[in-house]
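Working notes, beginning with the structure itself.
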Amino acid sequence: MELTLPDEPVALAPGVPTRVPVRLRNPYAQPIDLRLYLARGRAERWATVEPERLSLRPGESAEVAVVLTTPPEQPPSSSLVPFTVHAEEADTGEPAGFATALLKVALPIPVTGSLVARREKHAYDLWLANDTLRPAPLRITAQLDPPSGSVRVDPDAVLLEPGTRATVAVRAKPGRPLTGQARPFAVLVKVSDVYDAERPPYLTEVATGKSKPLVRAFVLGTVAIVLLVAATALIYVHTGGRGLFTGRLFKGRATAAAAPQQQPVTQVTVTRPYALIDVFPRAGGPAAAQAELVKLTAARMPVRLVDSLASDVLSDENGGFWVLLQDGFRSTDQAAAYCAQWRTLAPKCQVTS
């Protein structure tokens with residue numbers, strides 16, 4: 001007969017019944033009727049087996065419980081005491097098998113509790129109860145994971161009398177990222193013995209939440225757009241609209257190191273005045289510019305895609321640009337009328353003379 005008891009020592013609290021599972025298996029080809037009992041010793045006086053008798057068919061398994069109840073006055077001890085469960089054939093009394101485990105008598109855990117979120121942001125109530133017959137001097141600590149920010153416990157120490165309850169306020173102030181996505185955090189609350197720092201905590205509760213960034217991503221994007229528009233307007237005012245894409249201002253300023261890397265391109269003609277629609281860095285390749293060209297032409301907007309290196313009119317600073325534009329106008333008024341006509345589709349359209 002195969003009997004299995006827990007591998008870890010069984011911790012008993014004085015006066016508190018503790019159920020220890022015992023697994024049994026009949027490996028034989030015939031059924032067997034069994035009686036279970038504990039070997040003589042200290043544990044025998046504290047134990048009962050439920051059920052004491054059972055029958056197992058060939059290959060069948062079952063579980064019974066050894067209920068250990070120490071006297072209420074039994075002093076706690078860290079010493080390990082072995083106890084052995086025996087199985088014998090009910091009819092003949094012949095031994096059928098046994099298993100041995102260890103037990104120790106320890107103080108009961110004097111507190112139960114739970115952490116409950118309040119309506120206030122990142123605030124919680126820790127509810128504690130002492131259902132034992134002993135007073136429980138408790139220390140309450142809390143920490144944040146990740147450890148960015150602060151968390152406060154009020155009160156941080158409680159003497160919980162038998163049969164009483166208490167509420168502890170926990171308020172967290174997690175660190176907030178500057179920008180990006182909301183960051184998850186956890187509040188870990190531990191309830192321990194005030195006088196025994198080495199004893200494991202009686203209770204550990206965890207609450208989770210998210211801390212929002214100080215500046216949302218769309219706000220940063222809006223600020224960047226405003227700064228870009230302001231810078232463009234400043235250049236336009238300073239140069240009369242000829243600063244960004246005129247050969248007179250930027251032609252010939254490309255670095256000597258960059259020049260040998262440029263591939264020969266077929267020259268194209270861009271006539272003034274022209275309507276500047278959009279600009280893309282040449283180093284990033286033409287894909288983005290071509291995608292925008294497809295979108296505009298699909299809406300029947302007349303537009304050209306020009307490599308700035310192929311024109312003496314367009315700037316080729318910093319490696320050049322892919323430029324969406326339209327030219328062939330007889331006057332700046334005609335170019336301005338073009339931009340006005342397509343303003344909804346091309347909001348950045350401006351006239352360069």
Side-chain angles (χ1 to χ4, degrees), residues 6 8-21 65 67-70 72 76 78 103-219:
E8 296 295 324
V10 179
L12 306 180
V16 179
T18 302
R19 298 177 67 89
V20 181
V67 182
L68 297 166
T69 307
T70 59
S78 59
L103 64 81
K104 64 179 178 179
V105 180
L107 283 172
I109 296 176
V111 62
T112 58
S114 61
L115 193 62
V116 180
R118 303 176 60 179
R119 290 187 178 181
E120 182 183 350
K121 189 176 183 180
H122 305 329
Y124 311 88
D125 283 334
L126 177 65
W127 296 348
L128 301 175
N130 180 3
D131 297 324
T132 69
L133 301 177
R134 300 171 182 266
L138 306 174
R139 172 79 64 192
I140 301 96
T141 58
Q143 65 185 65
L144 285 171
D145 183 22
S148 173
S150 62
V151 59
R152 183 164 56 90
V153 177
D154 184 27
D156 60 1
V158 175
L159 177 60
L160 205 57
E161 297 292 346
T164 61
R165 284 162 169 69
T167 302
V168 176
V170 180
R171 289 179 173 83
K173 191 175 181 180
R176 298 174 63 184
L178 178 62
T179 186
Q181 300 295 322
R183 183 173 62 186
F185 70 91
V187 181
L188 286 75
V189 182
K190 296 182 179 181
V191 181
S192 308
D193 190 325
V194 167
Y195 302 112
D196 190 354
E198 296 183 358
R199 182 172 181 175
Y202 295 135
L203 181 69
T204 300
E205 291 289 318
V206 179
T208 59
K210 288 187 176 182
S211 57
K212 295 181 179 180
L214 292 171
V215 181
R216 295 187 179 182
F218 81 89
V219 175

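- Using a 4.5 Å cut-off on side-chain heavy atoms (C-beta onward), Pro6 and Val20 make contact.
- The side-chain contact (heavy atoms from CB on, under 4.5 Å) search around Pro155 returns Val158, Val168, not counting sequence neighbours.
- The heavy-atom pair separating Lys190 from Pro201 by the smallest distance is CD-CG, 4.1 Å.
- Note that the CD atom of Glu205 and the CG atom of Leu128 stand 9.0 Å from one another [nearest 0.5 Å].
- Across Pro17 and Val67, no two heavy atoms sit closer than the pair CB-CG1, 4.2 Å.
- Sorted by first and then second residue, the side chain to side chain donor-acceptor pair (under 3.5 Å) pairs involving residues 113-131 (not counting sequence neighbours) are Asn130-Thr132.
- The minimum heavy-atom distance between Pro135 and Pro137, with the atom names listed, is O-CD, 3.6 Å.
- With respect to Val206, the side-chain contact (heavy atoms from CB on, under 4.5 Å) criterion is satisfied by exactly one of Leu115, Leu188, Val187: Leu188.
- Residue pairs that meet the salt bridge (Lys or Arg N to Asp or Glu O under 4.0 Å) test with at least one member in residues 136-151, sequence neighbours left out, do not exist here.
- A donor-acceptor pair under 3.5 Å links the side-chain atoms of Thr70 to the main chain of Gly15, judged by distance alone.
- Interatomic distance, CG of Leu138 versus CG of Asp193, reported as 7.5 Å (0.5 Å rounding).
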Would Thr141 and Val153 count as a side chain to side chain contact (heavy atoms under 4.5 Å, CB included) here? Give the steps. CA-CA 7 Å; Thr141 58; Val153 177; over 6 Å; no
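- When all heavy atoms of Ser211 and Pro174 are compared, the pair lying nearest together is CB-CG, 4.0 Å.
- Atom CD in Glu8 sits 13.5 Å away from atom CG in Leu103 (nearest 0.5 Å).
- The side-chain contact (heavy atoms from CB on, under 4.5 Å) search around Thr18 returns Val10, Leu12, not counting sequence neighbours.
- Counting only residues at least two apart or in different chains, side chain to side chain donor-acceptor pair (under 3.5 Å) contacts with residues 151-165 are absent.
- Here the closest heavy-atom approach between residue Ala142 and residue Val189 is recorded as CB-CG2, 4.1 Å.
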